[in-house]
Structures are given as structure tokens and as C-alpha cells.
Amino acid sequence: MKMNKEFTIPYKPNHPVFKLPEREKLLALYKKIGLAEFEKRMQERNAIIHNAEHDPLRYGVRLSRWALIEECLKKYNIVIVLGGNQSSKSELGAYFTAKTAFEKRWWDGQTEPVKIACFHTVSDTSIRQQQAYVYKYLPPEWRDLGKIGKITNISYTQKNGFSENVFITPEKSECSFFNYQQDIDVVQGYTLDFIWADELLNSAWLNELPFRIMAKSGKMLITVTLIHGMIGAIKKIADLC
């Protein structure tokens, strides 16, 4: 296919989901549908990828299993997701965290401001991993709001994560970040709508966190990588099944 300035340059031709076909197949398609339709489809493809990268909460690519997990969260108060490394568990947790911050109680339609808590192994992994993923999934119009008035505060840096490990949305929803190395009393008194507990959740935290969502019939998503075998907290649940 002879390329010239009339053609739209394909964005990320080897994209894992929207990978372009081989040159010969592209040429055959071009000959079949003509320049105008070919350009239209290429521009639509490019826009889909750009939108997914810029605003993954609204337009991102979601694995088919995510819909199943969403239905489970609507039905059950606690949902556990197990998987290997690079199986998109952190993407999943960040998506549902941001979805709750943005849509509030999407599982039952209530629209009052929500309180969310996210937990990770230590402070560093909370900042480098969990908070980074949540920031990625926030609506783009929220990401760099900074402090506005006496309530809204979404201030994030790659080095330090969210300011004071918390952000508050323009609609007064609040998301706080903790780690399992902290004293468990740090969450005493919290009444939460949604919890995302990632990785090495221990039995003490597992015993405590469900009480934080009980009063509001909230939801708790647990994501765990079992590369070193069954951790005690998850085994405790599995033994009850």
C-alpha cells in the first residue's frame, strides 16, 4: 500500500487489543472500502485508544471477567479475587475504587457522598502501586484539581502519592489509603461504603475490616497474588467454604 500524507497515521499499530492486521490485509481492506471509509475507521480506532488511555474509567478496555466481579459485588458484601502477577488485579481494584468515588454507591443507586478506604502491604507499595493506579482511573477532570475551597482536595505526585494519603472529590466523597503495617486502631471509628484490600491482608485486618462496612452495608474487594501459596487470611475463608 502506497502511503502518502492523505492517510491517517495509525496510533500504536501493535496495540494488544486493537492491533492492526498485516499490511496485505490492510491493503485489501483499503481497496474494498475506499479511502474515505478507510480513513474514517482508522480515525475511529485511534480515538478509541486515545480515549481509553486518557480516561480509562469511562472508556478503558475491561476484561470480560470484570463484569462478573461487578455482579458479584452487587450481590455479596465481600468479594475475593485471586490471580497471578500481571493479571490486572490492581487495574481491577483501582477501577472499582475510582468508579465508587465517581458514581458513589453504584451497586444500590444511593447518591450520598461515600467513604472509601484502600489498603496495601506497606506505605511504599501503597504510594508506588495502589495510589498510582487509583490516580490513573480518576476522571481526567479531577486529577489535578488540587485544593478547592474547604472540602475538595485531589493533590497527587508520583513521588508521594496523594497528599496525606487521602483525596476528597468535588462531590464530597472521600478516599483514604492505609497499609497493614499500621496499628489496626487507625481505622477504628471509620464507617465505610467501599474497601479495596490488596495483597498481603492478614487475619487481624481481615477480622476488623468487615466491621467498617457493616453499618452501611458496604462492599469489600480483596485482591491477592498467591505466588507464595495461600496466605493465612485467605485460607481461613477458603476453609469455611
Side-chain angles (χ1 to χ4, degrees), residues 49-62 66 73 88-107 110-201 205 208-209 212-213 216 218-223:
I49 298 175
H50 279 293
N51 288 339
E53 293 180 343
H54 180 63
D55 190 354
L57 177 63
R58 297 184 180 100
Y59 304 110
V61 176
R62 293 189 252 292
W66 289 23
L73 281 167
S88 298
K89 296 185 306 304
S90 294
E91 298 271 356
L92 170 77
Y95 166 75
F96 281 113
T97 299
K99 178 180 176 70
T100 305
F102 185 60
E103 299 180 11
K104 306 180 182 69
R105 291 173 64 98
W106 48 268
W107 56 88
Q110 295 184 40
T111 58
E112 293 298 313
V114 296
K115 289 190 179 294
I116 302 166
C118 300
F119 297 81
H120 211 281
T121 308
V122 296
S123 177
D124 185 67
T125 56
S126 170
I127 293 170
R128 302 283 183 268
Q129 299 177 33
Q130 193 172 49
Q131 295 186 39
Y133 275 114
V134 171
Y135 177 75
K136 169 186 172 181
Y137 273 90
L138 288 180
E141 64 269 23
W142 281 6
R143 289 184 196 138
D144 300 306
L145 280 178
K147 192 176 188 306
I148 300 176
K150 295 182 179 180
I151 296 176
T152 302
N153 192 341
I154 304 180
S155 301
Y156 174 88
T157 65
Q158 183 174 344
K159 179 181 179 181
N160 298 313
F162 290 100
S163 176
E164 298 182 17
N165 294 308
V166 63
F167 69 84
I168 303 173
T169 77
E171 298 177 350
K172 303 180 181 180
S173 292
E174 181 177 323
C175 181
S176 302
F177 295 86
F178 303 92
N179 66 81
Y180 307 129
Q181 299 301 308
Q182 293 177 278
D183 191 306
I184 206 164
D185 289 344
V186 74
V187 296
Q188 292 295 331
Y190 273 77
T191 300
L192 300 167
D193 296 272
F194 186 84
I195 291 173
W196 173 27
D198 197 17
E199 294 305 347
L200 300 179
L201 173 68
W205 283 100
E208 174 62 30
L209 291 182
R212 301 303 110 214
I213 60 171
K216 301 184 73 172
K219 304 295 178 177
M220 181 173 172
L221 176 65
I222 302 172
T223 52

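Nothing here was measured: the structure is a model prediction, and the numbers come from that model.
Atom SG in C175 sits 9.5 Å away from atom CH2 in W196 (nearest 0.5 Å). Rounding to the nearest 0.5 angstrom, the gap separating the CG atom in L73 from the NZ atom in K99 is 10.5 Å. Expressed to the nearest 0.5 Å, how far CD1 of I168 lies from NZ of K150 amounts to 13.5 Å. How far CD of E53 is from NZ of K136: 9.0 Å, rounded to the nearest 0.5 Å. Between the NE2 atom of H120 and the CD1 atom of I127 there is a distance of 11.5 Å, given to the nearest 0.5 Å. Interatomic distance, CZ of F178 versus CD1 of I195, reported as 9.5 Å (0.5 Å rounding).
The two residues S155 and G146 make their nearest non-hydrogen contact at OG-CA, 3.5 Å. Among all heavy-atom pairs drawn from L192 and A117, the shortest one is CD1-CB, 3.6 Å. When all heavy atoms of N179 and Q181 are compared, the closest pair comes out as OD1-N, 2.9 Å. Nearest heavy atom pair, residue K104 against residue T111, reads CD-O, 2.8 Å. The nearest pair of heavy atoms linking K172 to P113 is O-CB, 3.5 Å. Considering every non-hydrogen atom in both P56 and R62, the closest pair reads O-NH1, 3.2 Å.
Ring geometry for F177 against F162 counts as parallel: the plane angle stays under 30°, on a 0 to 90° scale with 60° as the upper cut.
The shortest side-chain heavy-atom distance between L201 and F119 does not fall under the 4.5 Å cut-off. Considering only heavy atoms from C-beta on, T97 stays 4.5 Å or farther from Y133 through its side chain. Within the 4.5 Å cutoff, the side chain of E91 has heavy atoms near those of the Y137 side chain. Side-chain contact between R143 and Y135: present, with at least one pair of heavy atoms (C-beta onward) separated by less than 4.5 Å. No side-chain heavy atom of K216 sits under 4.5 Å from any side-chain heavy atom of K115. By the 4.5 Å heavy-atom criterion applied to side chains, T169 and F102 are not counted as neighbours. Under the 4.5 Å side-chain criterion, counting only non-hydrogen atoms from C-beta, E199 is not in contact with T125. Proximity of F96 to K219: side-chain heavy atoms (C-beta onward) are nowhere separated by under 4.5 Å.
Crowding of E103 atom CD: a count of heavy atoms from other residues, nucleotides or ligands under 6.0 Å exceeding 12. By the neighbour-count criterion of 12 heavy atoms within 6.0 Å, atom CD of Q182 is densely surrounded, having more than that number from other residues, nucleotides or ligands.
Between E141 and R58, at least one side-chain N (NZ, or NE/NH1/NH2) sits under 4.0 Å from a carboxylate O, which counts as a salt bridge.
Side-chain contact of D198 with Y180: a donor-acceptor pair under 3.5 Å is absent, judged by distance alone.
Using modelled atom types, one side-chain atom of R212 and one backbone atom of Y190 make a donor-acceptor pair closer than 3.5 Å.
Residues W142 and F167 keep their aromatic ring centres 6.0 Å or farther apart.
Of the residues L145, L57, I154, the one that meets the side-chain contact (heavy atoms from CB on, under 4.5 Å) test with L138 is I154.
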